[in-house]
Amino acid sequence: MTISDDQIKNLIYKSCRLLDAEEFDDYLDLYTEDFEYKVTNYSPEIKSDQEWMDANRAELKGLLANVPLHFRLLGSFMRHATVYDIERNGADTANALTYVTIYYTTPEGATSVWAVGRYHDKIDVSGDTPLIADRNMKLETREVGIGTHLPM
Amino acid sequence: MPISDEQITRLIYRSCLRLDAEDFEAYLELFAPEFEYRISNYSVEIRKDQRWMDVNQDEYKALLESIPLHSKPLGTFARHANVYDIERNGEDRAKVTTFLTVYYTTPDGGTKVFAVGKYFDEVDISGDQPLIADREVRLETREVGIGSIVPM
Amino acid sequence: MSRNAEEHLSPPKVADGESYIHASVYTDPDLFAEEEEKVLRRTWKFVCHISEVEKAGDYRTHQWTGVPLVTIRGNDDKVRTFVNTCSHRGAKIVRDVAGNMKHMTCFFHMWEYDLEGNCTYQPREEGYEELGPTKDDLSLREIRTDIFAGLIFINFDGNAESLRDYIGEAGEPFEKIFNNHELEVFHYNQTHVKGNWKAWYLTNCDLYHEWSHLVNRTTSVLTKGYHDRPWRIQPNGHGYNAHHLDGSPFQVNYKKYKSWENRDHLVFKGLAPGEFRVTDIFPNLSVFFRATCIRLNHSTPIAPGHCIMEERGLAIKGESREDRRMRTKQFVQIWGPFSRNASEDCAYVEATHACQEAGANPYDLMSRVEKFEDGVHERIHSDTYLRHFWGEWSRLMGRPANNPKNFMEAAE
Amino acid sequence: MPRTAEEFLSPPSVPEDCYVSSSVYTDPDLYAEEEEKLLRRTWKFVCHVSEVPNIGDYRTHDWTGVPLVTVRSPDKKVRTFVNSCSHRGSRVVRYPAGNMKHMTCFFHLWEYDLYGNCTYQTRDEGYEAHGPTKEQAGLREVRTDTFCGLVFMNFDGNAAPLREYIGETATAFESIFGENDFEIFHLNRTHMKGNWKAWFLTNCDFYHEWGHQVNRSTNLTSPDYHDRPWRLNHAQGHGYTARKLDNEPFVVQYKNYKGWKNRDGLVLRGLQPGELVLTDLFPNTSVFMRTTCVRINHSTPYGPDHTVMEERGLGIKGESEADRRQRAKEFTQVWGPYSRNGAEDVAFVEESHRCQEFGANKYDVISRNEPIGDGLQRPQSDAYVRLFYDKWGDYMGRPANNPKNLMTAAE
């Protein structure tokens, strides 16, 4: 039974929901074993692309495990995603493009737009449930407040 | 093979992707011949509807091609859309309602909401590819910064 | 026993006047205006790295004390800086952040300037024949520009000493290493910080705050020999710390932080594996080495309680994709908006500002002293550099940092 | 040779009326003085009559920080009141526009009729002891007058009447407004970071047409563009450009801009195809006519560096839907937030302010001089800009090139 577009969409929306809720273990289960996760953007200041986060499974797992130990940006994130496009290449993988708006809410409850960007995902559809094999969060926004320990 | 809702939804999202990328040629390919494009809103001040852009196919094509001749608008737009409703009337046409948030990011990377509104599209589904036959960009926001020579 | 209002408002019980400052240095608008005149427009200010304006016509726009500026490489390969305003009606001429241009055209009335600041074209020039002015007296205002070890600086004061003299010995820990390689910028981000530019800079210089960073606690502070490094205080308000007293390097134990590895591979020529150095150039630039990574960090004041921090990462030009990726991964572990430390640093500055802004905290303590046996050098968790910074600030301002507006004696 | 600091900071080598100190755009004290001596002494444009056609139709607006409401009273006369309840001072009418039988303050439900009389005080027995009575609690009325369907107001009760204030400059648009029954179809407001004079003078500085791709292609390619003299009203500080010296209209070649056509149809009565008539009324209102549509543009300052510009488009009352649509299309080609010129004009003002704000640029050079014969100047001269600052100087009692004696006396 091949994996449908809807299953892929649900996977991507679930990744947002779990990260919002900071359920990091379940979040990591959505990825393939040797996935790669990146946060990138283009800087007109230095006229080149750049990476602001670049982690494999071990690194992301370690990073997420340490988050509670840090003095953290207070408040919470909500990720509003819309899957714009899904393209299949072969039977095993699909590419998904998703628009994401990340809202940041202060402890006092004030919400503002934190960043807008696009998930460029490579989805592994060879098994019976889809998994994220590669995620590149391409940020449009580069002024991201005081920053955060969390991935986007 | 009749055109699916998914294909219509992809068409709407593709129009956002290509306008964001300012790939005007590819963007115009999504429109049916003799299409019309309007940006409108209701002015509380003069208590009537008004149009801030109203163009047919030739006018819109010329307008888009002239954009690079103007002094370079600084910053970029990201159009985050969600298709809310698709209503078929007959074999040839479908009415599509899409919720739209347009974010503006300055060259320094700061992002703000530029405008919110809705696309009211009439999509031609008579061929093998769906095409936009009429688009009304209904703006809720009327304070749109310094304005924009790039349409919504 | 908690303190009552009276105690809270009177100066801290510390040995000498140099061990504390009055928080108005961070919040007072008059002092901020005076600072622009007496400090910011009298000292050398870092602009960018030469790799950012590599070819003729490459430019970078920026601003200092509110004045829009553009730094650009001329056709004669010389790097110049101009006030970025048209001599006609004053519009900003170069409006983009960075790029390349053959000449500068003002988009308002299409006046043109060449890369040396001369006005070269005005539409319908005959309109100025009768009342003037002519093109020759309409050129752009040039700001003194100089380069040290690939770092471009400017100085509003035409009569100030040369850049090399200004930096002096403080160039020792980084000049040779920068000249060992051809470097280029691979990382850039800026952060708007709700705090004073000095508060941001002094967080970079205050190594005592390493206790609060999880990364620094695990990989540095608790390791042997961490405290055996002396502060090297230099003239003009600079300072650095690098080698231990016995000349050996301080090497960070990165693998102590979960899932990280030590930095033994891709180390810059002149540094030991894992070596850490930091140089602080008055008034606002810090140059960091973490073995495989170089960080240039400086703050631009916007208002007393608002500054923009800029973060640059330098790497070796032409290195392989794999090397560049490894170097980038290690840089963004600690620096950059999604790193382990950056948001913590911003949080400290904003948290202190929140109290100073309303006058809730009138003083800032810097009375830590940790001397070596030689009785001369001080260990890196002493506040000797902070006192040195405020000494230089007071000298330029002509005001004591612990009582800049005589709040104590004369009633304001 | 680039200029040194010293040269950069000293005044440009031009006559004193040919440059302006940037402090006129940024200095808060000068701005406060402007409110008193200029903005509250001159006639200020409010709206077009078609915005308050019926009895009870109203528009709220602000001027020098004072909230105002303009309404058509039962006697059909258009009046303006300070929009502040005589009781505790709350704004009475809180919506931008609408229709009302009377004005009710939402705070304690006091009521006023459309002549400004206080007609109802809740539990008015409470005011028997100390007053005030309803008769003493009317709204403050502000002098209002209409000319060619343009509603103006003036805080100064003793100022000359509106017709006299506009004076000979009326010839630029009076007949055209008389021959066409205009009705508003477009309005947008733009908040900009810049001074209200910088915005108004961008409207009056035709030399900046070089900065517009539209004007470069449709205007500046025609050599006779420069044959229209400025018609200056030295008494009141207004000015306009219309017909050329030979009394022929200057015809804009709209078709030179890709995708546009020349404006030969729907020509307003009194204008020729392609004709352009541009009128600037001191201190802040421009009435521009581009053959088929009329643009009224004025600005309201909220401080030295915050200005709200209002853009209005007029068409013909009762015209067919198709005609109105074509006229609106042509209007939004040049004016409005998504037009070809709109964003550029605001950018010119904001980028100039960016350099004047902190003193990076001290002077504004307005020395362009292009005589056309018998004392008149061509459109791309700075003649009107110099007249504006001459008038500004009269009201303020200060020279615009050195308003605070920055050069002579030490501050």
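In what follows, chains carry the letters A, B, and so on, assigned in the order in which the sequence lines appear, proteins first and then strands, with residues in each chain numbered from 1.
With sequence neighbours left out, Asn284(C) forms a side chain to side chain donor-acceptor pair (under 3.5 Å) with no residue at all. In this structure Phe288(D) satisfies the ring-ring contact (aromatic ring centres under 6.0 Å, His included) test with no other residue, sequence neighbours excluded. Under the side chain to side chain contact (heavy atoms under 4.5 Å, CB included) criterion, Asp146(C) pairs with Trp44(C), Leu163(C), not counting sequence neighbours.
Within a 6.0 Å radius of CE in Met101(C), other residues, nucleotides and ligands contribute more than 12 heavy atoms. Atom NZ of Lys38(C) sits in a crowded spot, with more than 12 heavy atoms from other residues, nucleotides or ligands closer than 6.0 Å.
Nearest heavy atom pair, residue Gly66(C) against residue Phe358(D), reads O-CD1, 3.4 Å. Taking each heavy atom of Val83(C) and Ala360(D) in turn, the nearest pair found is CG1-O, 3.9 Å.
Note: Ala91(C) leads Ala91(C), Cys86(C), Cys119(C) in heavy-atom pairs under 4.5 Å with chain D. Listed options Pro68(C), Gly158(C), Pro123(C) were ranked by heavy-atom pairs under 4.5 angstrom with chain D; first place goes to Pro123(C). Chain D forms the most heavy-atom pairs under 4.5 Å with one residue out of Gly127(C), Gly117(C), Gly132(C), and that residue is Gly127(C).
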So between chain C and chain D, what donor-acceptor pairs come in under 3.5 Å?
residue: Gly66(C); atom: O; partner: Arg354(D); partner atom: NH1; Å: 3.2
residue: Thr85(C); atom: OG1; partner: Asn361(D); partner atom: ND2; Å: 3.3
residue: Ser87(C); atom: OG; partner: Arg3(D); partner atom: NH2; Å: 3.0
residue: His88(C); atom: O; partner: Val365(D); partner atom: N; Å: 2.8
residue: Arg89(C); atom: O; partner: Gln356(D); partner atom: NE2; Å: 3.4
residue: Arg89(C); atom: NE; partner: Asp364(D); partner atom: OD1; Å: 2.8
residue: Arg89(C); atom: NE; partner: Asp364(D); partner atom: OD2; Å: 3.4
residue: Arg89(C); atom: NH1; partner: Asp205(D); partner atom: OD2; Å: 3.4
residue: Lys92(C); atom: N; partner: Glu351(D); partner atom: O; Å: 3.1
residue: Arg95(C); atom: NE; partner: Glu351(D); partner atom: OE2; Å: 2.9
residue: Phe108(C); atom: O; partner: Gly211(D); partner atom: N; Å: 3.4
residue: His109(C); atom: NE2; partner: Asp205(D); partner atom: OD2; Å: 2.6
residue: Trp111(C); atom: NE1; partner: Tyr207(D); partner atom: OH; Å: 2.9
residue: Asn118(C); atom: OD1; partner: Met1(D); partner atom: N; Å: 2.2
residue: Pro123(C); atom: O; partner: Tyr207(D); partner atom: OH; Å: 3.0
residue: Arg124(C); atom: O; partner: Arg368(D); partner atom: NH1; Å: 3.4
residue: Arg124(C); atom: O; partner: Arg368(D); partner atom: NH2; Å: 3.1
residue: Arg124(C); atom: NE; partner: Glu370(D); partner atom: OE1; Å: 3.3
residue: Arg124(C); atom: NE; partner: Glu370(D); partner atom: OE2; Å: 3.2
residue: Arg124(C); atom: NH1; partner: His226(D); partner atom: NE2; Å: 3.2
residue: Arg124(C); atom: NH2; partner: Glu370(D); partner atom: OE1; Å: 2.5
residue: Gly127(C); atom: O; partner: Asn369(D); partner atom: N; Å: 3.0
residue: Glu130(C); atom: OE1; partner: Asn369(D); partner atom: ND2; Å: 2.9
residue: Gly132(C); atom: O; partner: Ser367(D); partner atom: OG; Å: 2.9
residue: Asp137(C); atom: OD2; partner: Ser13(D); partner atom: OG; Å: 2.8
residue: Ser139(C); atom: O; partner: Arg3(D); partner atom: NE; Å: 2.5
residue: Ser139(C); atom: O; partner: Arg3(D); partner atom: NH2; Å: 3.2
residue: Ser139(C); atom: OG; partner: Met1(D); partner atom: O; Å: 2.4
residue: Leu140(C); atom: O; partner: Arg3(D); partner atom: N; Å: 2.7
residue: Glu142(C); atom: N; partner: Arg3(D); partner atom: O; Å: 3.3

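No part of Leu220(D) comes within reach of chain C, as not one of its non-hydrogen atoms sits under 4.5 angstrom from that chain. Neither the backbone nor the side chain of Cys106(C) comes within less than 4.5 Å of any heavy atom in chain D. Heavy atoms closer than 4.5 Å to chain C are found in both the backbone and the side chain of Ala347(D).
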